[in-house]
Every structure is written in C-alpha cells, then in structure tokens.
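Here's the structure we're looking at; comments come further down.
A note on names: the letters A, B, ... follow the listed sequences, proteins ahead of strands, and every chain is numbered from 1.
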There are 2 protein chains.
Amino acid sequence: MTNDDSDKKDDFELQHFLPFLLNQAAEESSLDFQRVYKNRYGMLRTEWRVLFHLGVFGQMTAKEIGARAKIHKTKISRAVRKLEQRRYLTRTRHQDDRRVEWLTLTPAGKTVYHELRGIAEQYDAKLANLFSTDEAALLRRMLRRLAAMD
Amino acid sequence: MTNDDSDKKDDFELQHFLPFLLNQAAEESSLDFQRVYKNRYGMLRTEWRVLFHLGVFGQMTAKEIGARAKIHKTKISRAVRKLEQRRYLTRTRHQDDRRVEWLTLTPAGKTVYHELRGIAEQYDAKLANLFSTDEAALLRRMLRRLAAMD
DNA sequence: GCTTGTTAGTTACAAAAACAACTATTATTC
DNA sequence: GAATAATAGTTGTTTTTGTAACTAACAAGC
C-alpha cells in the first residue's frame, strides 16, 4: 500500500490505461456495424466473423478460422451450425482426414458476404477518416502489434 | 454484388478492418491483467472497473460510474453487490434524494485498489513500451477519439 | 394534494459466453 | 496391431450478459 487512506481524488488516470481505452474504442467502434449484421441479417458477431473469413479466404476449416481470429472452437461450432441452417455455408468432409470438414460459402452466403463487406469498407473508411492517412496507417500497425499479429 | 462467384481468395483484408483490429488488440491487451483480478481477487471486469472508479474519484453513485465508463446500470448494480459482499465498498443513502446511494471503498477495498492500480500501471507501461513515447501518446489520443470520450 | 412523468437502482427472464466433458477419427508407441 | 494419446468438432452445464419490467423516491402540472 503506497498511498494514504483519505477519500480525496486519486491521481491515476483511468482514461489513460491502455486496456481500458482499447476496450472502450473497440466497443464503440463495433456498435454501428453490429447493428447492421445483427438487425438486418440476424447474425451474431462470431457468425459474421466466420462468414468474413470464408468470404476472404474461400474454403477453410473450423480450426483454421479459430486459430486466425482467436475464437474458441465451441463458438465456431455453434456459429457454423447457424450459418449452415441459414444456408450460408456447406460442409464437406475431408477425404484424407474424416475428422476435418471444409467450410464453403453458398451463393447466398457469398451474396451476404459481399453486401456486408461493402458496408464494412464504408464503415472502416468513416472511422479512418477521423485521422490523417499516416495516422490511420500507424494506428492499424500499432493495433496489430498489440494483438501480436505482426 | 460486386464480385464474381469463384472460390478464390478475396482481396478484402480482414486484418485491416478497424473494428476487428480494435477488438483483437483490446482482447489481447486485457488478458494478462484480467488474469490478475480474476484469479487473484476473484473479480469480474465490471467489478474492477467500479473499484477503480471509486479508487480514483472517491465517493460516487452507481449512475455516475455508469455514465463515465459507459456501463449499463444492471451491470453496475450486480458489480456493486458483489463488491459489497466482499466488503470492498459500502453504500450510504443520499440525504436529499433517497433514491441515490453513495458508494465508498472500505479500507479493504482501498488496499485491493492500490494493489491492482500498481499492477495496472506496470502493465500499461509494458504495453506502451511497444512504441515510442510519441506514438504511445498518439495511440491514446486516437483511441479516446474513437471512443468519443474527447 | 393528487395525478402523471422521471429517475436511481433492482430483479426476473432470455440470450450468449465460458468451461468441461464428450464422440469420432487419426497418430503413436510398444 | 492393440493400447494409448492426440485432434476436430460437438454437446451439456454453469456463468455472465442483455433486455424488459419492476419498486421506490422524487418532480411537475394542474
């Protein structure tokens, strides 16, 4: 215990604490976009993330998606089931290793992906527009560094 | 639909999408610290946030904490109850408006706050150390801007 | 001063997340 | 090649969150 016990205002600045700031910014920056995939497409965050990964990378396995986006396998499993029920993706067993299944977007899934992708790009541009081009680029680099994706 | 329907890799860069990057960075950057207040003090994120607010600002109401940290009142309510059960804070009814209650840390609560605060400061320094001083300052400014806390 | 509206905080119920245990299949080892 | 371990994915149970409805106290209008 390094401080006195009075009831006075302390000098630690919570809004300087990086994990707090990152969480606030992340939450706020997801809100508008979340509304789109949630209200318009009835999707959860994990679901659109899976959808996006498949849209971007084509055929993938659940495990690959989980590793890349750091999502737990049970969340992936349930998201995949939902997306399958909505006919946005199909599964096919891997021939050589029948534990594995390849996930692929259906045409309907691709349509939704492209729609959401367009909205995502616009939204990203809107956010990046708060800063100069250089600043935005630096921000992305720093975030990737913090997420250890570099 | 702006793209073709092939199964090839798409060119949208998920790891460039700001909400995604922010979420990854926020999650990753919270992990180590979360382990401390979770495993060592049995606290949830909302609980330590409430604790920190009280530690920093002294006496506050649930509403004030919620407004400042953008936490929903039901979450605050539950966190306050937990912290009260652990004897980290006490409530006293406001005289002039008996709907309101002032929250204050107990000595035990203050002790925990100071311990966690020290760890938080170290941890923040470790994160900020990934960047130059200027970069770190810019990062915080940008995050505050994104969270619209400016 | 009584009806109507607001506000601070709580509670109840539904949705989602976390964690552990499970099945089915492949890999390893003796 | 049978026994054991490891892996991909699923299912079940417990926590935690989100949402809406609630209580108690105050405020405003008439």
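- Remark: P of C:dT10 and NE2 of B:His72 are 13 Å apart, rounded to the nearest angstrom.
- Contacts of residues 73-87 of chain B with DNA chain C (heavy atom under 4.0 Å): B:Lys73, B:Thr74, B:Ser77, B:Arg78, B:Arg81.
- Spacing between atom CD1 of B:Ile71 and atom P of D:dT16 amounts to 16 Å, rounded to whole angstrom units.
- For the atom pair CG of A:Leu21 and CG of B:Leu127, the computed distance is 11.0 Å after rounding to the nearest 0.5 Å.
- C:dA17 atom P lies 12 Å from atom CG of B:Asn23, rounded to whole Å.
- Rounding to whole angstrom units, NZ of residue A:Lys63 and P of C:dT26 are separated by 15 Å.
- Atom CE in B:Met60 sits roughly 11 Å away from atom P in C:dG9 (whole-Å rounding).
- One finds no salt bridge joining B:Asp124 and B:Arg117 here, because no Lys/Arg side-chain nitrogen approaches an Asp/Glu carboxylate oxygen to under 4.0 Å.
- Taking a cutoff of 4.0 Å between a charged side-chain nitrogen and a carboxylate oxygen, A:Glu47 and A:Arg78 do not qualify as a salt bridge.
- Rounded to whole Å, the distance from NZ on B:Lys70 to P on D:dG18 is 15 Å.
- Counting to the nearest Å, the C1' atom of C:dA18 and the CG atom of B:Leu31 are 13 Å from each other.
- Near-neighbour residues of DNA chain D inside residues 34-53 of chain A, defined by a heavy atom below 4.0 Å, are absent.
- Atom CD of A:Gln95 has 12 or fewer neighbouring heavy atoms from other residues, nucleotides or ligands inside a 6.0 Å radius.
- Between B:Arg98 and B:Arg93, the shortest heavy-atom distance links the atoms O-NH1, 2.9 Å.
- Taking only side-chain nitrogens and oxygens, B:Arg91 comes nearer than 4.0 Å to OP1 or OP2 of C:dT10.
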Letter per nucleotide, 5' to 3', of nucleotides 24-29 of chain D [B base touched, S only sugar-phosphate touched, - untouched; heavy atoms, 4.0 Å]: -BS---
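- The main-chain N or O of A:Ser132 is found under 3.5 Å from a side-chain atom of A:Glu135 such that the two form a donor-acceptor pair.
- Contact between B:Leu51 and B:Gly109 at its shortest, heavy atoms only, is CD1-O, 4.0 Å.
- Salt-bridge annotation for A:Lys70 and B:Glu28: present, with a side-chain N of the basic residue lying under 4.0 Å from a carboxylate O of the acidic one.
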Applying side-chain contact (heavy atoms from CB on, under 4.5 Å), run through A:Tyr41 and A:Trp48 and close with a yes or a no. CA-CA 9 Å; A:Tyr41 296 92; A:Trp48 92 250; over 6 Å; no
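- Nearest heavy-atom pair across A:Thr61 and A:Val100 is CG2-CG1, 3.4 Å.
- The side-chain tip of B:Arg68 points at the ring of B:Phe57 from less than 6.0 angstrom away and within 45° of straight on.
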